[in-house]
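Everything on this sheet refers to the single structure shown next.
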Amino acid sequence: SARAKDDVGRWQSNITTTTFTIDIQAPGSGVSLPENNKAYNNTNNAIAQLQGVSSDDKSGLPNGGVEAWVRALGPAGELQWPTTYWNGGSWQNNASPLWLPVTLVGNPGDLSRAWTYPTPNFALLSNGGSGHRFRVQVRAKDVANNQQVPTVENYFEYDIVKPTST
């Protein structure tokens, strides 16, 4: 707080106080479902939705502050597809990731917020997506506009073809 003194020695009676926080640290995010390097199907081990948690140490996370992308890598054991991303309604070839907003739980400014994102439509890919590998990544931006530079990606496989034996 601060107050002023005039030339005859009178002090200002009303003192104004302002409190503020300096936030220069980017938030963090993680993907909890799908788990890294796990296989999923459309029945007993299905992915109902992608999910995770984002957190910040000072200013918190605003609505719209968390985004994710999902990339189809193609059938397991084949050359990876370089640029096939989910755009929210279909698979699209794009030179860079298509970051899409996730649904956040909690209130704007909360320091930790769980998030969810609808599972992409795997059936739109060849073989109904069966046998394909995928990558998912998430990033967050806090109230102070510090943007996370994501470094971790979760890989997973989708398989809906039942095994056979002879």
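Sequential numbering from 1 along the given sequence is applied to the chain's residues. For the numbers below, each heavy atom of this structure counts, side chains included, while hydrogens, waters and symmetry mates do not.
- Rounding to the nearest 0.5 Å gives a distance of 12.0 Å between CD1 of I47 and NZ of K38.
- The two residues L100 and Y117 make their nearest non-hydrogen contact at CD1-OH, 2.9 Å.
- Note that CG of L125 and NE2 of H132 are 5.0 Å apart. Values are rounded to the nearest 0.5 Å.
- Looking only at distances, no side-chain donor or acceptor of R133 sits under 3.5 Å from a matching main-chain atom of A76.
- L104 and L111 are members of different hydrophobic clusters when ILVMFWY side chains are connected at heavy-atom separations under 4.5 Å.
- A donor-acceptor pair is defined here as one N or O able to donate and one able to accept, closer than 3.5 Å; no such pair exists between the side chain of D110 and the backbone of S112.
- Here the closest heavy-atom approach between residue Q25 and residue D142 is recorded as O-OD2, 3.2 Å.
- T83 and N94 share no donor-acceptor pair across their side chains, judged by distance under 3.5 Å alone.
- Put simply, the side chain of N154 never gets that close to the backbone of N37: no donor and acceptor are under 3.5 Å apart.
- Residues W81 and R71 share a closest heavy-atom pair of O-NH2, 2.6 Å.
- For the pair P34 and L50, the tightest heavy-atom approach, listed with the atom from each and the gap, is CD-CD2, 3.3 Å.
- Linking Ile, Leu, Val, Met, Phe, Trp and Tyr residues whenever their side-chain heavy atoms come within less than 4.5 Å leaves V149 and V138 in two separate clusters.
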So T43 and K162, side chain to side chain contact (heavy atoms under 4.5 Å, CB included) or not? Walk me through it. CA-CA 11 Å; T43 54; K162 295 182 179 172; over 6 Å; no
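- Checking each of L98, V136, N121 against W86 for a side-chain contact (heavy atoms from CB on, under 4.5 Å) leaves exactly one that passes, namely N121.
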Worked check of side chain to side chain contact (heavy atoms under 4.5 Å, CB included) between V70 and W91: CA-CA 9 Å; V70 179; W91 295 98; 3.9 Å; yes
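- Side-chain contact check for P150 versus W99: some heavy-atom pair is nearer than 4.5 Å.
- None of D23, N146, N145 except one satisfies the side-chain hydrogen bond (donor to acceptor under 3.5 Å, both in side chains) rule with S59; the exception is D23.
- For the pair V102 and E67, the tightest heavy-atom approach, listed with the atom from each and the gap, is CG1-C, 4.2 Å.
- The distance from atom CG of N127 to atom CD1 of I160, rounded to the nearest 0.5 Å, is 8.5 Å.
- Nearest heavy atoms, A140 versus L61: CB-CD2, 4.1 Å.
- With 3.5 Å as the limit, one finds a donor-acceptor pair spanning the side chains of S54 and S29.
- Linking Ile, Leu, Val, Met, Phe, Trp and Tyr residues whenever their side-chain heavy atoms come within less than 4.5 Å places W115 and F156 in a single cluster.
- Remark: side-chain polar atoms of T119 are paired, donor with acceptor, to backbone N or O of Q49 under 3.5 angstrom.
- Annotation: the span from E153 atom CD to Q137 atom CD amounts to 4.5 Å, rounded to 0.5 Å.
- Using a 4.5 Å heavy-atom threshold, the side chains of Q51 and T103 count as separate.
- The backbone N or O of V161 lies less than 3.5 Å from a partner atom in the side chain of S130, making a donor-acceptor pair.
- By the 30° and 60° cut-offs, the orientation of the rings of F134 relative to F122 is tilted.
- For the pair T84 (side chain) and A72 (backbone), a donor-acceptor distance under 3.5 Å is absent.
- Expressed to the nearest 0.5 Å, how far CG of L73 lies from CZ of R135 amounts to 6.0 Å.
- No hydrogens or angles considered: a donor-acceptor pair under 3.5 Å links the side chains of N44 and N41.
- If you take CD on Q12 and NZ on K5, they are separated by 13.5 Å, rounding to the nearest 0.5 Å.
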